[in-house]
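As structure tokens, the structure follows; a few thoughts come after it.
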Amino acid sequence: MLASLARLMPGTTGLPGRRGIRLLERNVWVYRRSWIALVTGFFEPLFYLLGMGYGMGALVGEIEGLPYAVFVAPALMATAAMNGALYDSTFNLFYKLRYARTYDAVLATPLGPADVASGEVAWALIRGSLYAVAFVVLMLLLGLALSPLVLLTIPGSLLIGFAAAGVGTAATTWMRRWQDFDLVAVFTLPLFLFSATFFPVTAYPEPIRTIVELTPLYRGIHLLRALSTGQPDPAIVLDVVYLLVLGLVGMSITSRRLGKLLLR
Amino acid sequence: MISLAGGSRPGDGYHPQVTTADPLVLARDLSKRFGSFTAVDGISFSVAPGEAFGFLGPNGAGKSSTMRMIGCVSPPTGGELRVLGMDPARDGARIRALLGVVPQQDSLDMELTVRENLILYGRYFDLSYRESRARADELLDFVQLADRAGDEVEPLSGGMKRRLTIARGLVNRPRLLLLDEPTTGLDPQARHLLWDRLYRLKQDGVSLVLTTHYMDEAEQLCDRLVVMDKARIVAEGSPRALIAEHATREVLEVRFAPDARPAEDDPRLAGVAERIEVLPDRTLLYTQDGEAAAVTLHDRGLRPVATLVRRSSLEDVFLRLTGRTLVD
């Protein structure tokens, strides 16, 4: 895959997409002025935590021996990581690709499509990591973290963001109209509701349970919950590999598609 | 095999002149196809260092496709292309690092201010922040936008955006500046200001390659140009040489009352000029001496309601070569 990325950047040496750092700089500059827009991303998981974790949690009591808020918090963190990365890699990318023609100007410089892909995904990750840190602090303050392993949920949610951004950017390269984005919700909403977010996966009968266990957000939630509750099991290796591969495949498709779209 | 202009068209027999000094751009039989559509059909040309070289042609002639290939953002589908002595297919990023590009659509970064647009563009070329800031301020002065440095890009006028785009194209101090229809849609003041800046750049040794469908622009800016039509090059030379070759020294334009307008084969027009063109609103007589032709018409009893003698322009050459049919 690295070889296929390298082909898209003729005449450059070193890691494919390394010049994406410049695009990252651009995004930091843009958000320097509109940092308030950045802050909003933190409120989604916070409100869900208050509403579901404590509001509903008072009725539910304990799940799998855990207070409901402890059970739900890592799942909300994983969902927020996915949604944040998807938002950046779909709407924002589409606008820059089709309307602002940001990349037409970028590709007239030494930067290539692989740099655009890596730069945008990296930005989505950095943005996601800000939320992850804030949310971990919140979990610590509210006593929802049962293990020091909770700190690993930060790289964990970056991994979720990486996978989502990879898939999101790749999908966006096929989008033609704003209406096409309605499809995104068709995938994300069921993922949010049914990935063992609010109730354990053992609630599902077979074979539905197996299907759920194969979806990306389930893997992300499984990973973060194992870390924040301090109950890691061998399956978290599967979580990591699954999300990593998904992100890499998405990025590889993205840089190839961007090359096709922009370098005609 | 090199295929040049079609047999029946003027400009037949043109052969590209290849300078012995290393050309900045060298194209041989260069083609670009999109599926079954041929945008550029086997064109050959070269651009010498220090030159201002123009692609003149109607919309859809293949000018922009050619520019995108030179700019290494569109791979050729046939023929050979060398830019700054390198192969765009292999050294694209290295070539782009040395080129300045002013695309047809401004593509400025609307999420950044005027000055930030330049600074960040400099960063794309790996300039240090200090260097990039210095160049940004210098270029803002050059394009007379220093007083708008901190403004958003969106409210700028068309001419200002264009100037900013040109400044952006200069941020890496390119040896070769590519301009795709640099003044399309600008008012006369803005055009003249732009021409002035481009002229200065040329004097500073920057080579220019530009496309245009404005004849006055080509005459003002280009040392040498090729006329493109239907994906091919149909003529090549300096503006003056093209006028000499494809038009007469002067043009007599006459207007007749609708009922008194002579047809093209009217015997009273015979032999008055080297070539006569009857348009719906006026009649054009291509001749070495417009005044003499006007006198001849009068002697033969023709009484035009309006008479104008003018020097031939590139426009006459252009219309001669590419026809009067509307293309879009």
Worksheet item: Checking heavy atoms, do the side chain of A/Ile21, its backbone, both or neither come under 4.5 Å from chain B?
Response: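 It is neither, since no heavy atom gets under 4.5 Å.
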| query | For A/Ala122, what residues pass the side chain to side chain contact (heavy atoms under 4.5 Å, CB included) criterion, not counting sequence neighbours? | reply |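 A/Leu24.
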message: Could you check whether B/Glu111 pairs with A/Lys96 (Lys NZ or Arg NE/NH1/NH2 to Asp/Glu carboxylate O, under 4.0 Å)?
response: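 No, this pair does not count.
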Taking a cut-off of under 4.5 angstrom between non-hydrogen atoms, the residues of residues 146-175 of chain B near chain A are B/Glu152, B/Arg168
- prompt: For chain A, which residues of residues 112-145 of chain B have at least one non-hydrogen atom nearer than 4.5 Å to it?
  reply: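 So the qualifying residues are B/Leu112, B/Thr113, B/Glu116, B/Ile119, B/Leu120, B/Tyr121, B/Arg123, B/Tyr124, B/Phe125, B/Asp126, B/Tyr129.
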Can you tell me if [atom1] on [X] sees more than 12 non-hydrogen neighbours from other groups inside 6.0 Å?
X: A/Arg264; atom1: CZ; answer: no
X: A/Phe42; atom1: CZ; answer: yes
X: A/Tyr87; atom1: OH; answer: no

Of B/Asp106, B/Asp87, B/Asp109, B/Val101, the largest count of non-hydrogen pairs under 4.5 angstrom with chain A goes to B/Asp109
Rounded to the nearest 0.5 angstrom, the CE-OG1 distance for B/Met110 and A/Thr102 is 9.0 Å
Rounded to the nearest 0.5 Å, the OG atom of B/Ser74 sits from the CG atom of A/Leu107 at a distance of 12.0 Å
Quick one: side chain to side chain donor-acceptor pair (under 3.5 Å) partners of B/Thr211, sequence neighbours excluded?
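B/Asp180.
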